[in-house]
Every structure is written in C-alpha cells, then in structure tokens.
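The structure appears below as structure tokens.
Throughout, a chain's letter reflects where its sequence line sits, starting with A, and its residues are numbered from 1. Bear in mind that the values here come from a model prediction, so they are computed numbers and not experimental data.
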Number of protein chains: 2
Amino acid sequence: MDSSVPELRSARQQQIVDVAWRLLETEGRDALTMRRLADELGIKAPSLYKHFPNKQVVEAALIDRGFLLWGNAAREAIAHSGDPLANLARAYRTVATEHPHLYRLMTDGALDRALLTPGVEAWSGAPLGEPFRDPEAARAFWGFLHGMAILAIDGRFPPDAELDRSWDRGLAAFSAITANT
Amino acid sequence: MDSSVPELRSARQQQIVDVAWRLLETEGRDALTMRRLADELGIKAPSLYKHFPNKQVVEAALIDRGFLLWGNAAREAIAHSGDPLANLARAYRTVATEHPHLYRLMTDGALDRALLTPGVEAWSGAPLGEPFRDPEAARAFWGFLHGMAILAIDGRFPPDAELDRSWDRGLAAFSAITANT
DNA sequence: GTCTATAGTGGGATAGAC
DNA sequence: GTCTATCCCACTATAGAC
C-alpha cells in the first residue's frame with residue numbers, strides 16, 4: 001500500500017463506482033439504474049447487492065467524489081495568481097459545465113449527509129469563504145454561483161443570453177463586498 | 001361571462017388543475033400522480049385522460065399558474081415604496097419559501113415551453129430587469145435569487161446559517177451594479 | 001461472489017363497454 | 001364522461017442454489 005489515503009472500499013467496490021461514474025457522466029441520471037450498472041459490469045443486478053446495500057449508497061459514493069473534485073478545483077483556483085473571486089467563479093462554472101449530470105446529482109434535492117465521508121461537504125465549500133469577511137457573504141456568493149450554474153444547465157436562460165457577461169456582472173457585484181474592499 | 005380573461009380550459013379542467021395544485025402544495029411532487037389525482041377528484045385515473053392528454057400537460061398548467069403567481073408578486077414588489085431590489089428579493093424569497101414544492105416543479109430540470117401560455121415565462125421575469133442597466137446584470141441577480149432560494153429549500157446551508165444576513169449581503173453586492181449607482 | 005428466479009411496488013397509459 | 005380491465009414499463013430488493 002503506497003498511498004497514504006486509507007482504502008475505504010474494496011477494489012470491487014471501487015470498480016463499481018468507477019463504472020457508475022462513467023455511466024452517469026456519459027448518459028445521465030436516468031441511465032444510472034442498478035440493472036444498467038450491472039450490465040456494464042457484465043454481471044446481474046442482484047449481484048450488486050453483495051457489494052452495496054442499496055442504490056442510494058452508490059449514488060452517495062459518486063457525490064462524495066464530486067465534492068472531492070470541486071474541493072480540489074476550488075483550492076487550485078485560490079492558489080492561482082489573479083483575482084480569487086474570479087478564479088473561484090471560473091472553476092465552479094467549469095466543474096458544473098463539464099459534469100452537468102454529476103452536478104445535478106450533487107445538488108438536486110435533499111442530501112443524506114450520513115452517507116458521505118464525514119466533513120467532505122464542508123471541506124469542499126471552505127475555499128469559497130476565503131475572499132470574504134464573513135460566512136454570510138460567502139453563502140450569498142455560493143447562491144449566485146449555484147443559481148447561474150444550474151439555470152444554465154437546465155436551459156432556463158434565453159437562447160440569446162450572453163452568460164459570460166452575466167457572470168462578469170455578478171463578479172463585479174460581489175467584488176464590492178469582499179474583504180479587500 | 002363577466003371576466004375579460006378568456007377561458008382557456010373547461011370548468012372541469014380548471015377543477016382538475018385546482019386539485020392538482022392543492023395536492024402538490026400540501027404533499028409534494030411524489031404525491032402528484034395520475035392515480036392519486038383521480039382519487040382526490042373521486043374518479044378513476046383513466047378518466048383523467050379524457051381531460052388531459054398526459055401528466056406533463058397537467059404539470060405544465062401548474063407551472064403556468066406558478067409563473068402568474070410570481071409575475072404578479074414581482075409587479076407588486078416594484079410598485080411598492082422602498083428599494084426595488086430589496087422588494088424583489090423579498091418577494092422572490094417569499095414565493096419560493098411559501099410554495100417550495102411548486103417552486104421545485106417550476107425550476108427543476110428542463111422546461112417544455114411549448115406547453116406553457118406563450119410569453120408567460122418572459123412576462124413573469126420581466127420585473128427583475130427594472131433595477132438594472134442591462135439584461136445581463138438582471139440575469140446575474142436572478143441567479144443569486146434562485147440559488148439562495150433553492151439551496152435553502154433543499155437544506156443545503158448549514159443549520160446555523162444566518163440566511164437573512166446572506167440575503168442582505170447579496171443585496172448589498174447587487175446594489176452596486178444597479179442603474180441608480 | 002455470482003447466478004436464477006421472483007417478489008413487491010409504483011407509475012403512465014390504452015381499449016372498449018356503458 | 002366515466003367505468004372496468006388490462007397492459008406495459010421500470011425499478012429496488014430478497015431468497016436460495018451453486
């Protein structure tokens with residue numbers, strides 16, 4: 001074992017989550033069924049229940065990975081040169097745009113935190129607090145990021161909307177309430 | 001007929017949508033099935049299909065009403081005295097908070113606009129443009145409003161989050177890019 | 001750890017009689 | 001416009017043999 005990260009799952013579990021990830025990313029949430037997942041693995045659906053108690057736990061594993069993905073991207077964003085606010089926004093938009101199905105899985109509806117790696121949700125969101133004086137401002141910024149991302153994914157803006165400019169307008173607004181101003 | 005608004009649906013269709021509305025508001029989306037809807041009306045599920053071609057059209061009728069509700073609330077908000085931005089935000093938050101199931105139905109996933117009253121979506125959103133110089137800023141503001149509303153409905157903010165203050169922080173940010181500044 | 005077989009649930013929708 | 005009867009679909013999950 002050369003990794004310092006403990007193996008929380010068996011190799012087989014890892015493999016199943018890998019395939020589930022690919023299925024979600026390429027074909028969306030509707031394609032992520034236990035039958036389809038088993039098909040992709042070359043086994044029958046009931047066999048999956050020897051490795052996971054139910055579907056929700058498989059989805060939670062995907063959401064967990066999603067938080068890792070976003071948390072790492074956010075940390076890279078504030079480590080970069082340039083405006084941290086703009087870097088964070090670009091990173092958020094990129095993650096959401098490049099993984100729309102994962103992003104919807106992560107943000108749609110209630111979240112059973114008992115199924116996630118403890119603390120991963122807060123860890124992933126922590127970098128958003130960096131540019132601001134208080135967590136309230138950071139949460140307002142998160143609201144803006146999420147709203148823009150999900151409305152874009154769901155096709156709610158008019159077809160001719162210039163979204164780059166809207167992101168810039170929002171950034172200009174929140175720049176006015178950062179710790180540096 | 002003493003109303004100047006044309007009757008787009010039969011009385012029976014109106015009644016069905018009324019019951020669907022109540023069912024959605026009181027018990028949520030999972031309760032809104034064709035079987036359950038029929039039960040509430042005292043008829044059998046197949047009979048519904050004499051009035052509506054499918055479930056999606058029933059849901060579209062609810063979404064239509066939702067846009068009317070929000071559009072009217074938004075118009076009242078900007079007609080009031082005080083800061084239009086704050087009034088709009090308060091109205092938005094109130095509608096979303098008081099009708100969480102309807103709000104999710106309206107905003108979750110893609111929207112088939114062919115099933116809606118033509119123009120109602122744009123009409124309902126138009127007041128958001130009032131305080132701003134350009135539509136891009138208005139859309140950024142909408143992103144903030146929607147993000148805050150849906151994250152709150154879905155329980156995504158920490159339990160101890162002071163959301164009133166976050167709404168205020170966002171308002172302060174967007175105040176900096178209104179037409180009056 | 002995998003299989004076959006099956007249970008159980010719930011939903012949308014249609015055909016045809018009355 | 002309503003009914004009965006039915007179909008079809010999809011899914012999660014379990015039991016027990018190998």
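- In this entry the distance linking CG of B/Leu37 with P of C/dG11 reads 12 Å, nearest Å.
- Heavy-atom minimum distance, A/Ile177 versus A/Ala137: CD1-CB, 4.0 Å.
- No donor-acceptor pair closer than 3.5 Å links the side chain of A/Ser47 to the backbone N or O of A/Ile43.
- Ring centroids of A/Tyr103 and A/Trp70 are separated by 6.0 Å or more, keeping the two rings apart.
- Ring planes of A/His146 and B/His146: parallel class, angle under 30° (limits at 30 and 60°).
- Both A/Met34 and B/Arg35 lie close to DNA chain D; mapped to their nearest nucleotides by heavy-atom distance, the more 5′-ward contact belongs to B/Arg35.
- One atom, CZ of B/Arg36, and another, P of C/dG10, lie 12 Å apart when rounded to the nearest Å.
- A heavy-atom distance below 4.0 Å to DNA chain C is reached by these residues of residues 44-54 of chain A, ordered by number: A/Lys44, A/Pro46, A/Ser47, A/Lys50, A/His51.
- What separates CG of B/Asp30 from P of C/dT9 is a distance of 17 Å, to the nearest Å.
- Among residues at least two apart or in separate chains, salt bridge (Lys or Arg N to Asp or Glu O under 4.0 Å) pairs with a member in residues 103-124 of chain B are A/Arg104-B/Asp108, A/Asp108-B/Arg104, B/Arg29-B/Asp108, B/Arg104-B/Asp154, B/Arg113-B/Glu121.
- A donor-acceptor contact shorter than 3.5 Å links the side chain of B/Gln13 to the backbone of B/Ser10.
- Within the 4.0 angstrom heavy-atom criterion, only backbone atoms of the sugar-phosphate kind lie near B/Arg12; the bases stay farther away.
- Annotation: side chain of A/Trp123 is not in contact with side chain of A/Thr117 (no heavy-atom distance under 4.5 Å).
- Nucleotide D/dA10 holds its P atom 12 Å from the CG atom of A/Asp39, rounded to whole Å.
- Looking only at side-chain heavy atoms (C-beta outward), B/Arg139 and B/Glu136 come within less than 4.5 Å of each other.
- Ring centroids of B/Trp167 and B/Phe144 are separated by less than 6.0 Å, placing the two rings close together.
- Per the geometry, CD1 belonging to B/Ile43 stands 11 Å off C1' belonging to D/dC3, to the nearest Å.
- Rounded to a whole Å, the CG atom of B/Leu41 is 9 Å from the P atom of D/dT2.
- Contacts between residues 16-29 of chain A and DNA chain C, defined by a heavy-atom separation under 4.0 Å, are absent.
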